[in-house]
Colleague: 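Next up is a structure, given as structure tokens.
The structure displayed is predicted, hence computed values, not measured ones. Computed from heavy atoms alone, side chains included, the values below leave out hydrogens, waters and symmetry copies.
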Amino acid sequence: MSKHNTKKMNSTEVELKDKLVAINRVTKVTKGGRNFSFSAIVVVGDENGLVGHGLGKANEVTEAIAKAIDDAKKNVIRVAVVNNTVPHSILVKSDGAKVFLKPASEGTGVIAGGAMRAVLESAGIHNVLAKSQGSSNPHNVIKATIKALAQMKDANAIARKRGISLDKVFNG
């Protein structure tokens, strides 16, 4: 579960696409031998501002993926997307991972690696410059990326929160 304050979205009314980020085989050594099980990390999103992540564990790969998808659908949040990019630059640390996101111009694409790419594409962000530092563990990187996206605010949201016009946000 994520520790940051975000409003959970009801994901039943939209079609969420899932992306498998990582799958691990886990071994438990017992008196009778080794027991293998699987852990899967999945990101879901509608590519239009909704994104969530989940972790599933089971004895079969398909069961682990199904559990991860169910968990991800319970953790969906809405993120601010402005012109297919992020509204502003942000640096966020979560657990051992540090994530930096920076808006990019149209046609740049998603300049990000592995787990970050899956989260950003699922959220519907098509142009962004991103850097991941510290832990390369997919779970930590995904949590840090979603935390960064959750903290982003667009100009309209700030104007509504302050109770002023959009012009006053930029011109003081």
Colleague: Counting C-beta onward and ignoring hydrogens, is there a side-chain heavy-atom pair between Leu50 and Asn48 closer than 4.5 Å?
Modeller: no
Colleague: Where is the tightest heavy-atom contact between Ala40 and Leu20, given as atom of each residue plus distance?
Modeller: CB-CD1, 4.1 Å
Colleague: May I ask you to test the His53-Val119 pair for a side-chain heavy-atom distance under 4.5 Å?
Modeller: no
Colleague: Is there a side-chain contact between Val86 and Val81 (heavy atoms, below 4.5 Å)?
Modeller: no
Colleague: Evaluate whether atom NZ of Lys98 has more than 12 neighbouring non-hydrogen atoms of other residues, nucleotides or ligands under 6.0 angstrom away.
Modeller: no
Colleague: Decide yes or no for Pro138 and Val141: does some side-chain heavy atom of the first lie under 4.5 Å from some side-chain heavy atom of the second?
Modeller: no
Colleague: Answer whether the closest heavy-atom distance between the side chains of Glu121 and Glu47 falls below 4.5 Å.
Modeller: no
Colleague: Could you tell me whether a side-chain N or O of Thr85 sits under 3.5 Å from a main-chain N or O of Asn127, the two making a donor and an acceptor?
Modeller: yes
Colleague: Kindly work out whether a path of hydrophobic side-chain contacts (I/L/V/M/F/W/Y, heavy atoms less than 4.5 Å apart) joins Val92 to Leu129.
Modeller: no
Colleague: With a 4.5 Å limit on heavy-atom distance, are the side chains of His139 and Asp95 in contact?
Modeller: no
Colleague: Honestly curious: do Val51 and Phe100 fall in one hydrophobic cluster under the side-chain, below-4.5 Å linking rule?
Modeller: no
Colleague: Would you indicate whether the side-chain heavy atoms of Leu149 and Leu101 approach each other to under 4.5 Å?
Modeller: yes
Colleague: Could you work out, with side chain to side chain contact (heavy atoms under 4.5 Å, CB included) as the rule, every residue matching Lys57, not counting sequence neighbours?
Modeller: Ser39, Leu55
Colleague: Spell out, as yes or no, whether a donor-acceptor pair under 3.5 Å connects the side chain of Arg25 to the backbone of Phe36.
Modeller: no
Colleague: Examine Leu120 and Ile90 and state if one hydrophobic cluster contains both, with Ile, Leu, Val, Met, Phe, Trp and Tyr joined whenever side-chain heavy atoms are less than 4.5 Å apart.
Modeller: yes
Colleague: Should we say atom CG of Asp70 is surrounded by more than 12 heavy atoms from elsewhere, each under 6.0 Å from it?
Modeller: yes
